[in-house]
S.K.: 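Provided herewith is a single structure, encoded as structure tokens, for subsequent inquiry.
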Amino acid sequence: MKRLSRILPVAVLFLMLITGMAAGVLQKDKTYSSAENRTLQQFPEFTVKRVLNGKFQKKYETYLSDQFPKRDSWVKLQTVTERMFGKTESNGVYFGKDGYLLEKYTEEDIDNKIADKNIKVLGKFVKEALKVSDVKVMMVPSKTFTLENYLPAFAETYNENIFYNNLEKKLPDNVLIDIYSILNQHTDENIFYRTDHHWTTQGAWYGYSAYNKACGKDEKSAGAKKKLKRVSMDFLGTTFSKVNMYSQKDEINIYEPENKMEVIYNMGEKTENTFYQTDFLKKKDKYSVFFGGNQAVLEISGGVKNNKTLFIVKDSFANCMIPFLAEDYEKVVVADMRHLNIGMTRLLGSYRPTDVLVLYNTIQFMQDREFALKL
């Protein structure tokens, strides 16, 4: 009987491994995870060179993880188990106060060579653009850094002030907007989603107000309140997908300008009279309600007739702030370099904007391996 009790756990584990391997062989590889809103790793290219430099092994490890049968269920089981043992972190996510899920960022997650290169190239771009346009840079801090008072005790995080200090040295005076200090004054408000890494439309409104003040608008008009409309109460974002566990769902709010707007997608691919693709509210990726997700180029018209054109170089954090900005310019051009094969200098030459705004999230900017190449 004692011998059976020793063998049984091993046999069960062996059976689970065999079953998992068999299921993995039989199931067709998935290309996309709607739960995590990202492309999954496919079987990597096998060459002697890639094996010797370790690239094949690294990609193959990711491939096994991404294509593991019933992966979402295993992630949830792992999270539940670690929570039972009192852990305050699982799969790179901290379990914060009031139901906040906060992504874990440490110095090891930041490649300083990439970050420094991006900062250097951005500095050159800004100086060149300033010759013909008014330029502002807004780097939105991560939720984890902004809401540090929501973190569990002794949580390890990356100090984003290091990044801000390095960036400020490379930019001309009065270009960088100190959005961190402003958001830090409103941490008791719903400025970030609980289950996603993005800021909310309320958080983006504070960003919009800060931009207006930096551009010289008076306090009253810069901070004029906007009426938001709630369109969803059951949003579960990308941070949730990393642990498959939540305590409270998020709501999504949008801002609809009073004037009729026209949005041209990707150089004429389609034209809409709204900023919002509401079909996404019925899907997992509800954040893509803003413009249907990240687009290569957007051309927006319908704002105030002032002969001003705003050119926005951005990542996904800009998506919910653009509707505020669109009212204030005769034309707004939005460019996402991750989906473009054309340099920003060339685009600037085509549109000749009066104003330029570079709007990124700090972590995404520091980790972007293509930013310096494409800018």
Side-chain angles (χ1 to χ4, degrees), residues 92 94 96 100 102-131 133-151 154-189 191-192 197-199 203-204 206-216 222 312-318 321 337-338 344 355-375:
Y94 286 121
Y100 276 93
L102 304 125
E103 293 188 333
K104 180 181 178 181
Y105 301 113
T106 66
E107 289 188 18
E108 295 178 356
D109 298 312
I110 306 300
D111 188 324
N112 289 322
K113 288 184 179 180
I114 295 174
D116 291 343
K117 188 175 182 179
N118 288 350
I119 289 172
K120 184 179 179 180
V121 171
L122 176 60
K124 290 182 178 179
F125 170 79
V126 168
K127 289 173 184 176
E128 190 66 27
L130 276 170
K131 294 177 181 178
S133 308
D134 291 328
V135 184
K136 299 298 178 187
V137 173
M138 182 182 293
M139 291 288 169
V140 185
S142 70
K143 177 172 68 173
T144 306
F145 185 62
T146 310
L147 304 183
E148 58 182 353
N149 53 319
Y150 286 81
L151 286 166
F154 311 112
E156 183 183 7
T157 61
Y158 173 74
N159 182 5
E160 292 173 35
N161 281 320
I162 298 172
F163 165 75
Y164 283 122
N165 291 336
N166 291 337
L167 178 61
E168 195 167 21
K169 292 175 185 177
K170 294 293 183 180
L171 294 179
D173 294 340
N174 302 316
V175 168
L176 182 63
I177 299 173
D178 184 11
I179 184 60
Y180 169 70
S181 296
I182 294 167
L183 292 175
N184 197 245
Q185 298 172 19
H186 302 277
T187 55
D188 58 337
E189 299 177 36
I191 56 174
F192 284 92
H197 65 288
H198 289 103
W199 60 357
Y206 284 117
Y208 165 71
S209 299
Y211 173 76
N212 283 339
K213 291 174 186 176
C215 290
I312 304 174
V313 183
K314 63 90 176 181
D315 68 7
S316 57
F317 269 69
M321 183 168 148
M337 293 194 304
R338 297 168 299 177
M344 289 300 105
D355 300 82
V356 175
L357 171 63
V358 180
L359 199 165
Y360 269 75
N361 164 247
T362 54
I363 300 296
Q364 292 182 174
F365 178 81
M366 285 187 279
Q367 294 177 332
D368 192 336
R369 295 179 176 274
E370 295 187 346
F371 182 87
L373 293 173
K374 290 188 174 182
L375 191 64

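Residue numbers run from 1 in the order of the sequence given.
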S.K.: List for me each residue that meets salt bridge (charged side-chain N to carboxylate O under 4.0 Å, His left out) alongside Lys170, sequence neighbours excluded, and say none if there are none.
M.R.: none
S.K.: Can you tell me how far apart CG (Leu183) and CD1 (Ile179) are? Round to the nearest 0.5 Å.
M.R.: 4.0 Å
S.K.: CG of Asn165: more than 12 outside heavy atoms within 6.0 angstrom?
M.R.: yes
S.K.: Apply ring-ring contact (aromatic ring centres under 6.0 Å, His included) to Tyr94 and list each qualifying residue two or more places apart in sequence or on a separate chain.
M.R.: none
S.K.: Do other residues, nucleotides or ligands put more than 12 heavy atoms under 6.0 Å from Lys374 NZ?
M.R.: yes
S.K.: For residues 140-147, tabulate all N or O donor-acceptor pairs below 3.5 Å that involve a side-chain atom, not counting sequence neighbours.
M.R.:
{"residue": "Ser142", "atom": "OG", "partner": "Phe145", "partner atom": "N", "Å": "3.1"}
{"residue": "Ser142", "atom": "OG", "partner": "Glu160", "partner atom": "OE2", "Å": "2.4"}
{"residue": "Lys143", "atom": "NZ", "partner": "Leu101", "partner atom": "O", "Å": "2.7"}
{"residue": "Lys143", "atom": "NZ", "partner": "Tyr193", "partner atom": "O", "Å": "2.8"}
{"residue": "Lys143", "atom": "NZ", "partner": "Arg194", "partner atom": "O", "Å": "3.2"}
{"residue": "Lys143", "atom": "NZ", "partner": "Asp196", "partner atom": "O", "Å": "2.8"}
{"residue": "Thr144", "atom": "OG1", "partner": "Glu103", "partner atom": "N", "Å": "3.4"}
{"residue": "Thr144", "atom": "OG1", "partner": "Glu103", "partner atom": "O", "Å": "2.5"}
{"residue": "Thr146", "atom": "OG1", "partner": "Ser142", "partner atom": "O", "Å": "2.8"}

S.K.: Suppose the criterion is ring pair (Phe, Tyr, Trp, His ring centres under 6.0 Å): which pairs have a residue in residues 158-177, not counting sequence neighbours?
M.R.: Phe163-Phe365
S.K.: To the nearest 0.5 Å, what is the distance between CG on Asp368 and CE on Met337?
M.R.: 6.5 Å
S.K.: Of the non-hydrogen atoms in Gly207 and Met138, which two are nearest, and what is the gap between them?
M.R.: O-CE, 3.1 Å
S.K.: Return the CG to OH distance between Asn159 and Tyr105, rounded to the nearest 0.5 Å.
M.R.: 15.5 Å
S.K.: Is a side-chain donor-acceptor pair under 3.5 Å present for Asn184 with Ser181?
M.R.: no
S.K.: What's the verdict on side-chain contact (heavy atoms from CB on, under 4.5 Å) for Val175 and Leu130, showing C-alpha distance, side-chain angles and the deciding distance?
M.R.: CA-CA 10 Å; Val175 168; Leu130 276 170; 4.3 Å; yes
S.K.: What's the separation between atom CG in Asn149 and atom OH in Tyr100, rounded to the nearest 0.5 Å?
M.R.: 9.5 Å
S.K.: What pair of heavy atoms forms the shortest contact from Cys215 to Lys136, and how long is it?
M.R.: SG-CG, 4.3 Å
S.K.: For Asp315, what residues pass the side-chain contact (heavy atoms from CB on, under 4.5 Å) criterion, not counting sequence neighbours?
M.R.: Phe317, Arg338, Tyr360, Asn361, Gln364
S.K.: Once side-chain contact (heavy atoms from CB on, under 4.5 Å) is applied, do any residues pair with Asn166, and if so which ones, sequence neighbours excluded?
M.R.: Asp116, Ile119, Ile162, Lys169
S.K.: Below 3.5 Å, can you tabulate the donor-acceptor pairs from side chains in residues 120-129 to any protein atom, sequence neighbours excluded?
M.R.:
{"residue": "Glu128", "atom": "OE1", "partner": "Lys131", "partner atom": "NZ", "Å": "3.2"}

S.K.: Using the salt bridge (charged side-chain N to carboxylate O under 4.0 Å, His left out) criterion, which residues pair with Lys314? Sequence neighbours excluded.
M.R.: Asp336
S.K.: Do Lys117 and Phe371 have side chains that get closer than 4.5 Å, going by heavy atoms?
M.R.: no
S.K.: Who passes side-chain contact (heavy atoms from CB on, under 4.5 Å) against Ile114, sequence neighbours left out?
M.R.: Asp111, Asn118, Arg369
S.K.: May I have the step-by-step check of side-chain contact (heavy atoms from CB on, under 4.5 Å) for Asp355 and Ser133, ending in yes or no?
M.R.: CA-CA 5 Å; Asp355 300 82; Ser133 308; 5.9 Å; no
S.K.: Is the shortest side-chain heavy-atom distance between Met321 and Trp199 below 4.5 Å?
M.R.: yes
S.K.: Test of understanding: with side-chain contact (heavy atoms from CB on, under 4.5 Å), list the residues that count as partners of Glu189, not counting sequence neighbours.
M.R.: His186, Ile191, Gln202, Tyr206
S.K.: My understanding is that only residues two or more places apart in sequence, or in another chain, count here; which of them pass salt bridge (charged side-chain N to carboxylate O under 4.0 Å, His left out) with Glu107?
M.R.: none
S.K.: As an exercise, state the distance from CG of Leu359 to OG of Ser316, rounded to the nearest 0.5 Å.
M.R.: 10.0 Å
S.K.: Considering residues at least two apart in sequence or located in another chain, which fulfil the side chain to side chain donor-acceptor pair (under 3.5 Å) criterion with Thr106?
M.R.: Asp109
S.K.: Is the shortest side-chain heavy-atom distance between Met139 and Leu167 below 4.5 Å?
M.R.: yes
